[in-house]
Each structure stands twice: as C-alpha cells, then as structure tokens.
Amino acid sequence: MALARIVLKPGVDKQNTEYGAEGGWIDSDYVRFRYGLPEKMGGWTQFNESAAYLVGMISEIYTWNALDGAPYMIVGTNRKLYALYGALWGDITPIRRTAVGVTFDTINTSTTVTVNDTAHGCIAGDFVTFSSVTGDPGGILNASLTGEFEVQLITNANEYTIISPAAATSTATAAGTANAAYQINVGTAVSTLDYGWGVGTWGASTWGTPRPASTSVSLDSRVWQFDNFGEDVVCQLVNGGIYLFDTSAGITTRATAIAGAPTKSTYAVVSTPDRHLVCFGTESTIGTPSTQDPMFVRFSNQEDINSFIESATNTAGGQRLTDGNHIVSAERSRGQILIWTDTALHGMQYIGPPYTFGFQQLGSNCGLIGPHASADVNGVAFWMGKDAFFMFDGTVKKLACTVQDYVFKDLNVVQNTKVNIGVNTQFNEVTWWYCSFTSDYIDRFVTFNYLENVWSIGTMARTAWTDLGTYSKPTAAEYFPDSTAATISTINGLTAGRSLIYNQEDGKNGNGSAITAYVKSGYFDIGDGDQMLFMKRFIPDFKNQEGNLTVHLLLRPYPQASASPSSLDPYVIAPNTQKVDTRARGRQISLRIESSDLDTNWRYGTLRVDIQPDGLR
C-alpha cells in the first residue's frame, strides 16, 4: 500500500479533546514550534561559567552597558540586591539603618548570640553586618563576630539573635561593643492571602499563635523592577522604596535611596526621550508611605529624579487614574508609556507644558495579572491577564489561545506576583512562567510564537528572564528553595533558598543534565473512526538529529478508552534509521516523540506511514 503523509498543525491544542484535536498536537515539554514544526528547545549552562549562587529568589534580571561599553547585570531577589561587572558579583543591598555600640549576650558553649540594640527594626531573616567589634564577648573572638549575619529570631523590639561561627566559652550579658549596619528588611518568597496562623518569616513568632494585625509582614512575594537613568539604574522595590545604583561607583558601593523621591510606589519607569522618573501607585504626600494611592501617578522634574514637588518652574506633576483598584505595572512602548491596572490599560504620552503628560484609557476588562507579566516587542505589547492573554498594537485584542483553559484552570492565583514574562527574539517568542495550582513556586511555562501564532507549554521553571543584548545569550534564573549551597559571600547563619543564573539557548543539555523533551499528537483514525487500522511501518523524518530519540504509538478503540502502546513499542530512532516496522493496530493512534539522553537534538519533519484498514482479531 502507498505511504500516507501524516501532516499535523503546529502548536499545542488543549482546548479540544484528544480526539477533537485530530491533525494537531495536544501536549509538549521543552519543545518549541518553528516554521510550523516542533523541535527540541535549546539547553542552558551556568552563567559566566561560575557556580555563583545568590541568596533568595530572583524576581528580575536587568542588563545594560555603561557609557564606556562595559557590560553590567543587576539582580533583585526577595532578600538581596546584586550587581555584576565582568566576572565579579557585588552585594549592593541598600542599608536602612546603622547603629553604634550594640552589645552581645552569650550562653556558655552555645553559638546562639543575642544582640542588644534599641529599636533595631529587624524581622527574622534580615541581614546585619558588624564591624569594630571589641571585648571578645563571652569568649568569642572579635573576628568571629565581625562580618555579615542573618537575623534568626526576634526576641523583642530591642533584641534579636544571630548564629556565631564559634561557640561562647562563658555566659555574658551586654558584653563587648560593635557597630551595626542593617540592610533593608527582607521580603518573602511565597505570597500569602491574609494575616493569621503561619503568616510571616520563619521563626518570627511561636507555633500555634495567630499573628496580630500589626505584624510586619509582606502579603505578596517581593518583586524588584529596574530601569536605566543614563548609565545608572533605578531600583524600584514593588510596593516599597526606590533606590539608585551608581554605576561609576562600582559594585562595592551599595544602592542608596533616591532623595526627594516617593518612599513607597508600585512601579517606576524612566520616560523617553524626555527623561522623567515616573512612579506609579505612589504617595500623594511625598515621603509619607501611609498616603500611598494605588491609582496615583507621579512624575519628577525633567532630567531631575530628585525633584517631584510641582512648581511653576519645573515639569513635575501627577495624575490619578480611575479604571481599576490599583496600578500593577507599566511599560515603555511606541510613543507612550502603557499603564496596566488590575482591570484596564491606560496610555501616558509626553505633551509638554503646562501639563507635561496626557493620559487616556486604551482598554477595559484587560487587566494585568502581575508586575512582570507584560512585555513590549517592537511596539506591540503582550500580557497575561487573570483569565486570558492580550496584545496591544494600537487596539487591545484578546489572543486566541489553544491552551487557555489548561493554563488558567491550573494557576495558583495567590502567587500571581511571581508570574514573569520573557522575550526570546531569536525565536519570535514570548513566554510566561507561572505557579501551577499545587505549587508555591514557578513550575510551568506557556509560550506564544507571535509570528506564527502558535502556543506551546512545559515545565521549565524560571523566575526571571532577559533577552540577549548586553550578553550574547538570553539569561534566566532558577530558584532552589531548599538549597544551602555556598553563596558569593560569607553570611553566618544563612538559611536555605538560593538562585542560579543561566545562559539560555546554550547547548543541548540542562546545565550538564539530559533534558526530557517530548511532543504528543492528537488521535487520528481512518474515515470517521468506524473501522480498525493497521500501521505496518513508518518512515522517520527528522532534521538536525543528534543522538537517539524514541517514538511511541499509543492505541485505543474509543475516545474515552485507556490508551495502550503498540506491541513493539517503544521505537528507538537513530540518526541513520531509514524505516521502522510497527505492527500497530487500533481505531485511533497517537504519536509521541521523545528524547531523554545527553546531547540530543532534533526537529520533526513529516511522518510517512504504511497504514491500511483492518479488523479485530
């Protein structure tokens, strides 16, 4: 019998049933669609070829070139702020407070040390650096208490504990002295719904005790957002303070609060080409966090990020938006800044004096799910809403999505702030990473090829992504909540939770390990499926194949029957395999292509099969 070609539509379709998706693909992992055909995604390697573990969960990676052309990277985690220059990392987390003359309490043979500092303002998990230590408290040498420590337990407003690298040799009270530099309070890696049992950082209180309304906790996981002001970087802590990293000062100098700027905002963007610093969801009274208005937009004087007070001689000002409950994010786009609330899209355009900026509503019922869930690609914006995907190319449009139910019915909405988007211009893709319903951490992705209008899905976990540009490969972050690996600097008493940064689309393996990539088709049959079929053989057709891959033929008699493999399954396909004998019999057949070995690569072509009507035995 003549060979028949099995032509399958590109993209994953999970809106239809497995039988209703006949002629297409119904599942995938680590596979993209390009030129209408599925292929294994590229691998990844450790960034800069170094095992540089960073403390906490990364929420954004930002790269840029200084005026001298030197490449830089800045990374924000829920606990730290880091900058990279060349191959060297620096901890640039801002300092919120310094103290002189703090003292220590020790217990003989114990490494737990109580620090005495009035109104220290710490929460469990904060970081403090001690210097100028005197007195060898409790027999602990000064050198052992010099350096950076993680705050373990808050005893009261004036005391907290740390872990010393050496045990005390005696019990002492208010012994020794030291200077202390406190970094800004850490944020959480897991969002929570409300105050109550279990809210707050680990060890903040006792087991079984509900937290009072005054407990200092963040309900949303911490998110950073960055933008350039010249070669320097504006570092906005989402729903927090705003800081500036001075590139010329180097990576050994910490970011500092921007004087004169609002002290609590949702987001910040530098407008172009007029160069105003625009703060969104910010304070109506600058410097008073309690006046934060989630729908208020405030912008600085032109070219002056320290001047936000309006006057007759500057261009500072503000505007309150109306459609929505709070501003979620903003993005520079073609000729304007796009502003998303939880329900709508607005545009902000520079119009010059006397109003400086004009505002207009561009769409409704199209809000954004999280602060990093939108991106602009050549003047077209893409974003993820609470129940659909959207684009704006002059008009707001809901994207036709063949995996919409799969994504939104398996979405952990409590962790919405973790949703992040990555643009991969090399493959014309935008990808959203999100937490599935049963996970508090990123464990799923959904990709849209915006030139071919096809969707794919998978399980790669990335908490942040930035496209190639400053560096020759896209870079992305993965979080390991249980990791206690050594980090780029020594921190005494450091608890678990580390991130790694990768070069993406680099090689064929996942940081040295094999990648299990697969794509599965819908079920096909003969005619209307009213007769059995018998597949005698198939002719494989793969491009750029390296290593072996496996083809599975899954058979079933009816759409809701359980599938079973053919008698000779699985079929191992080597790069030189010319044909495969199958002996596959059933009313409906599904094709699954998979690779799980090191150094494999493949791109599917067009399968040809020797198939004929048959009967039951």
Side-chain angles (χ1 to χ4, degrees), residues 1-31 33 36-38 40 401-407 409-410 436 444 454-459 516-542 548-573 577 579-596 602 604-617:
M1 186 173 180
L3 294 172
R5 298 170 68 242
I6 303 298
V7 180
L8 299 171
K9 295 177 292 186
V12 173
D13 181 2
K14 282 191 170 293
Q15 295 298 97
N16 283 301
T17 64
E18 292 183 342
Y19 181 66
E22 180 180 13
W25 303 96
I26 60 173
D27 201 6
S28 69
D29 198 7
Y30 292 98
V31 166
F33 290 86
L37 298 172
K40 180 185 173 186
C401 179
T402 56
V403 294
Q404 181 168 313
D405 290 348
Y406 171 83
V407 173
K409 288 183 178 180
D410 187 37
S436 65
R444 295 283 189 275
V454 296
W455 296 83
S456 57
I457 55 175
T459 59
T516 298
Y518 72 87
V519 61
K520 180 183 178 183
S521 77
Y523 284 82
F524 55 90
D525 53 26
I526 293 179
D528 291 325
D530 55 354
Q531 56 186 312
M532 299 293 291
L533 59 83
F534 178 64
M535 182 188 294
K536 297 174 60 177
R537 60 181 173 140
F538 67 84
I539 310 300
D541 178 28
F542 294 92
N548 294 341
L549 54 88
T550 303
V551 172
H552 299 273
L553 297 177
L554 303 176
L555 313 171
R556 65 186 186 186
Y558 300 103
Q560 299 197 171
S562 298
S564 59
S566 63
S567 60
L568 299 179
D569 198 272
Y571 306 97
V572 177
I573 311 299
T577 300
K579 72 178 183 69
V580 179
D581 295 319
T582 61
R583 296 173 58 89
R585 178 182 283 104
R587 276 197 176 91
Q588 300 165 5
I589 297 182
S590 172
L591 173 70
R592 178 185 167 109
I593 302 166
E594 179 180 315
S595 61
S596 57
W602 53 270
Y604 174 79
T606 302
L607 192 71
R608 290 182 296 157
V609 298
D610 185 350
I611 196 168
Q612 63 189 37
D614 197 33
L616 289 172
R617 287 187 174 180

Report task. Please lay out, stage by stage, how R537 and L3 fare under the test side chain to side chain contact (heavy atoms under 4.5 Å, CB included). Result -> CA-CA 9 Å; R537 60 181 173 140; L3 294 172; 4.1 Å; yes
Query raised in the report: Are I589 and M535 close enough, and set up right, to give a side chain to side chain contact (heavy atoms under 4.5 Å, CB included), and what steps lead you there?
Result: CA-CA 9 Å; I589 297 182; M535 182 188 294; 4.0 Å; yes
Requested in this report: Apply the test side chain to side chain contact (heavy atoms under 4.5 Å, CB included) to residues L591 and L607: give CA-CA distance (whole Å), side-chain angles for both, the deciding distance (0.1 Å), then the verdict.
Outcome: CA-CA 10 Å; L591 173 70; L607 192 71; 3.9 Å; yes
Query raised in the report: Given V12 and I26, is the side chain to side chain contact (heavy atoms under 4.5 Å, CB included) satisfied, shown in steps?
Result: CA-CA 5 Å; V12 173; I26 60 173; 5.6 Å; no
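Of all heavy-atom pairs spanning F524 and I611, the tightest one is CE1-CD1, 4.4 Å. The minimum heavy-atom distance between S590 and S521, with the atom names listed, is OG-O, 2.7 Å. Scanning both residues, G24 and L8, for their nearest heavy atoms gives N-CD2, 3.9 Å. Of all heavy-atom pairs between G11 and V454, the closest is CA-CB, 3.9 Å. Nearest heavy-atom pair across A517 and W602 is O-CZ2, 4.2 Å. A21 approaches D13 most closely through the heavy-atom pair CB-OD2, 4.0 Å.
Among the candidates R556, E18, E22, the single residue satisfying the side-chain hydrogen bond (donor to acceptor under 3.5 Å, both in side chains) test with Q588 is R556.
Judged by distance alone, the side chain of D29 and the main-chain N or O of T459 form a donor-acceptor pair under 3.5 Å. Counting only distance, with no hydrogens or angles, the side chain of K14 and the backbone of D405 share no donor-acceptor pair below 3.5 Å. Proximity of a side-chain donor or acceptor of S28 to a complementary backbone N or O of S456 within less than 3.5 Å is not detected. With hydrogens and angles disregarded, no donor-acceptor distance shorter than 3.5 Å links the side chain of T516 to the backbone of S596.
Under the 6.0 Å distance and 45° angle rule, R608 does not count as a cation-pi partner of F538.
The OG atom of S595 lies 9.5 Å from the CZ atom of F542; values are rounded to the nearest 0.5 Å. Interatomic distance, CD of Q560 versus OG1 of T17, reported as 8.5 Å (0.5 Å rounding). Between D410 atom CG and S436 atom OG the span is 5.0 Å, to the nearest 0.5 Å.
By the 4.5 Å heavy-atom criterion applied to side chains, T550 and Y518 are not counted as neighbours. For the pair W455/Q15, no side-chain contact is recorded, criterion being any heavy-atom separation below 4.5 Å from C-beta on. When side chains are defined from C-beta on, T582 counts as touching L553, because their heavy atoms get closer than 4.5 Å. Considering only heavy atoms from C-beta on, V580 stays 4.5 Å or farther from V551 through its side chain.
Residues meeting the side chain to side chain donor-acceptor pair (under 3.5 Å) test with E594, sequence neighbours left out: R592. For L568, the side chain to side chain contact (heavy atoms under 4.5 Å, CB included) partners at least two apart in sequence or on another chain are Y571, R583. Scored by the side chain to side chain contact (heavy atoms under 4.5 Å, CB included) test, T606 finds R5, V7, D541 as partners (sequence neighbours excluded).
Using cut-offs of 30° and 60° on the angle between ring planes, the pair Y604 and W25 is perpendicular.
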